[in-house]
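Reviewing the structure listed below.
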Amino acid sequence: LLVTDAPSVEVSGLVGTARGYAVLANHHPDSIVITVTAREPLGSAARVTPEGKQPLKLLGQTWQIELTGYGCAVVEWQK
């Protein structure tokens with residue numbers, strides 16, 4: 001369902017009927033800005049943080065997100 005443009009970043013998905021979650025893990029020591037692409041069009045995407053959700057700008061079926069070295073992120077997406 002989701003792919004990244006960075007070989008050092010692993011992505012896994014939890015998929016529901018109208019929404020889901022992407023779990024991203026950076027296996028490299030350096031911070032990186034990556035592009036995530038969905039196979040299907042999405043209506044919205046937001047990074048889930050302890051402070052709440054932070055909306056991400058969708059460009060078609062893609063969004064960009066920064067991951068710290070060996071860091072991870074959870075993104076909620078909706079169709």
Transitive ILVMFWY cluster of Val3, excluding itself - 4.5 Å side-chain cut-off: none
Glu40 side, atom CD; Gln61 side, atom CD - distance, nearest 0.5 Å: 8.0 Å
Contact check, side chains of Val36 and Trp77, non-hydrogen atoms, under 4.5 Å: no
Run the side-chain donor-acceptor check on residues 46-58: report pairs under 3.5 Å with partners two or more places apart or on a different chain.
| unit_1 | atom_1 | unit_2 | atom_2 | d |
| --- | --- | --- | --- | --- |
| Arg47 | NH1 | Glu66 | O | 2.9 |
| Thr49 | OG1 | Glu51 | N | 3.3 |
| Thr49 | OG1 | Glu51 | OE1 | 3.4 |
| Thr49 | OG1 | Gly52 | N | 3.3 |
| Thr49 | OG1 | Gly52 | O | 2.7 |
| Lys53 | NZ | Glu76 | OE1 | 2.6 |

Polar side-chain atom of Glu10 near backbone of Ala25 as donor-acceptor pair, under 3.5 Å: no
Atom pair OG1 (Thr37) and CG (Leu42), whose distance is rounded to the nearest 0.5 Å: 10.0 Å
Reported CG-to-OG1 distance for the pair Leu59 and Thr35, which is rounded to 0.5 angstrom: 8.5 Å
Gln78 (side chain) donor-acceptor with Arg19 (main chain) under 3.5 angstrom: no
Linked, directly or transitively: Ile65 and Tyr21 (ILVMFWY side chains, under 4.5 Å): no
In one Ile/Leu/Val/Met/Phe/Trp/Tyr side-chain cluster, 4.5 Å: Val74, Tyr70: no
Minimum-distance pair of heavy atoms, taken over all atoms of Ala73 and Leu67: CB-CD2, 3.5 Å
Minimum heavy-atom distance Trp63-Ala45, with the two atoms named: CE3-CB, 4.1 Å
Joint cluster assignment, Val75 & Leu14, ILVMFWY side-chain distance < 4.5 Å: no
Exam field: side chain Asn26 to backbone Gly71, donor-acceptor pair closer than 3.5 Å: no
